[in-house]
Amino acid sequence: MALFITFEGIEGCGKSTQLCLVAEQLRQQGYGVLTTREPGGCAIAEQIRALLLHPDHDILVPKAELLLYAAARAQHVEQIIRPALQQGQLVLCDRFCDATLAYQGYARQLEIAAIEHLNHYACSGLQPDLTFWLDLPVHIGLQRARQRNEDDALQHEQRFEQQDRQFHEQVRQGYLQLHQQQPERILRIDATGTVAEVTKRIATLLTSRLHAAS
Ligand SMILES: Nc1ncnc2c1ncn2[C@@H]1O[C@H](COP(=O)(O)OP(=O)(O)O)[C@@H](O)[C@H]1O
Ligand SMILES: [Mg+2]
């Protein structure tokens, strides 16, 4: 079954953790599953990711950042996502167009209409069928992300984590607005509690959508 499912939310909310667990459950149920992420997902887009997330690149101006995301997305959609959907796979993607609206639109305050247009252009109209917005208070997300980065000794992908709390609050509010505008597609998941509790919340909603779609 072809379905395009994305995971969204602030840094540290559990997107990567949950995507991996949900993918595993779906594979056990016999579904063909492709997991991927943005920015990135293919060699060219991963190179753009390295540019975007490099901590020394604070000089990157918001419009250049927006266009790099769009370029990475265009490549990722045509090379990876669309072919997988055409083969009938479930595609699970860690962040997608909604992240650009939340970060570059609501938080960095670039023009929303321009971003919507660019998103549409970059993916030739492809939209997620379903989006899980993992909603978590900012201070908890940042705490989790900080802990993760210490554990991994990750130094190079911390550009967004370094930004102030206010910015992450704006991102969260952006996701809230997107959810309110498209409640059928963007499902809010309470991302507090244990990893297993959050997985269960996602799995319950996903199972009913998969049954509805089959
Ligand atoms: N429900 C949870 N409770 C506690 N820690 C969590 C939970 N979900 C994820 N984590 C941990 O928090 C950190 C951030 O999770 P991650 O999946 O990397 O978030 P994201 O991809 O949204 O930035 C990781 O170290 C992860 O193991
Ligand atoms: Mg992640």
Side-chain angles (χ1 to χ4, degrees), residues 4-27 33-42 45-55 65 68-69 72-73 76 80-81 91-104 106-107 128 130-176 178-179 186-206:
F4 182 28
I5 302 165
T6 59
F7 288 68
E8 295 281 0
I10 59 165
E11 210 40 60
C13 68
K15 296 177 295 297
S16 305
T17 304
Q18 294 299 333
L19 186 147
C20 189
L21 292 168
V22 169
E24 193 49 48
Q25 284 191 1
L26 290 168
R27 288 189 181 109
V33 180
L34 177 97
T35 63
T36 187
R37 68 170 182 181
E38 288 223 336
C42 58
E46 288 289 336
Q47 286 192 37
I48 298 175
R49 179 188 181 94
L51 263 179
L52 281 164
L53 302 186
H54 197 288
E65 181 181 65
L68 284 170
Y69 275 108
R73 179 163 303 140
H76 185 211
I80 306 290
I81 299 175
V91 176
L92 270 52
C93 188
D94 192 333
R95 293 195 185 283
F96 197 62
C97 286
D98 297 308
T100 313
L101 283 162
Y103 281 81
Q104 276 68 48
Y106 289 97
L130 191 57
T131 296
F132 293 109
W133 166 39
L134 305 187
D135 186 29
L136 191 67
V138 166
H139 69 280
I140 306 178
L142 292 182
Q143 238 167 36
R144 286 185 189 172
R146 210 167 297 125
Q147 179 77 40
R148 174 195 62 199
N149 294 342
E150 277 168 18
D151 291 350
D152 296 355
L154 244 187
Q155 297 297 318
H156 59 290
E157 285 189 1
Q158 291 182 27
R159 197 162 81 83
F160 286 110
E161 274 106 326
Q162 283 166 7
Q163 286 161 350
D164 59 356
R165 210 141 126 199
Q166 164 81 7
F167 178 82
H168 292 279
E169 287 293 352
Q170 287 169 332
V171 173
R172 188 183 182 203
Q173 290 308 313
Y175 277 122
L176 175 63
L178 293 167
H179 160 68
I186 305 177
L187 306 183
R188 179 185 172 276
I189 302 289
D190 174 4
T192 62
T194 65
V195 169
E197 283 166 346
V198 180
T199 308
K200 193 142 187 252
R201 290 175 198 137
I202 298 171
T204 303
L205 291 171
L206 185 53

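Values in this document were obtained by computation on a predicted structure and should not be read as measured data. Whatever order the structure lists them in is the order used to number ligands and atoms, beginning at 1.
Residue-level proximity to ligand 1 for T194 is carried by the backbone, the only part with a heavy atom below 4.0 angstrom.
Rounding to the nearest 0.5 Å places NE2 of H168 at 14.0 Å from NE2 of H139. For the atom pair H179 NE2 and D98 CG, the distance stands at 12.0 Å (nearest 0.5 Å).
Ion pair R188/D135 flagged as a salt bridge, since at least one NZ, NE, NH1 or NH2 atom sits closer than 4.0 Å to an Asp/Glu carboxylate oxygen.
The shell of residues lying under 4.0 angstrom from ligand 1, judged by heavy atoms, excludes Q147. Heavy-atom distances between G12 and ligand 1 reach below 4.0 Å in at least one pair.
Remark: ligand 1 and A145 share no N or O pair separated by less than 3.5 Å (distance only, no angle test). Looking at V195 next to ligand 1, an N or O pair under 3.5 Å apart turns up. Considering backbone and side-chain atoms together, E11 places an N or O closer than 3.5 Å to an N or O of ligand 1.
Residues I5 and L206 have side chains in contact (heavy-atom distance under 4.5 Å, counting atoms from C-beta outward).
Counting atoms of ligand 1 from 1 in the listed order, those under 4.0 Å from a heavy atom of S16 are 17 (O), 21 (O). Listed by atom number, the atoms of ligand 1 under 4.0 Å from T17 heavy atoms are 9 (C), 15 (O), 16 (P), 17 (O), 26 (C). For ligand 1, the atoms sitting less than 4.0 Å from at least one non-hydrogen atom of G193 are 1 (N), 2 (C), 3 (N), numbered in the order shown with element in parentheses. Of all atoms in ligand 1, numbered sequentially from 1 with element shown, those under 4.0 Å from a heavy atom of G14 are 15 (O), 16 (P), 17 (O), 19 (O), 20 (P), 22 (O).
A donor-acceptor pair under 3.5 Å is formed between the side chain of E8 and the backbone N or O of F96.
Residue contact annotation: T17 places no N/O/S atom under 2.8 Å from the Mg ion (ligand 2).
Ring centroid separation for the pair Y69 and Y103 does not come in under the 6.0 Å cut-off.
Each of R148, R144, R172 was evaluated against E11; a single residue qualifies, R148, per the salt bridge (charged side-chain N to carboxylate O under 4.0 Å, His left out) test.
Atom CD of Q47 is surrounded by 12 or fewer heavy atoms from other residues, nucleotides or ligands within 6.0 Å.
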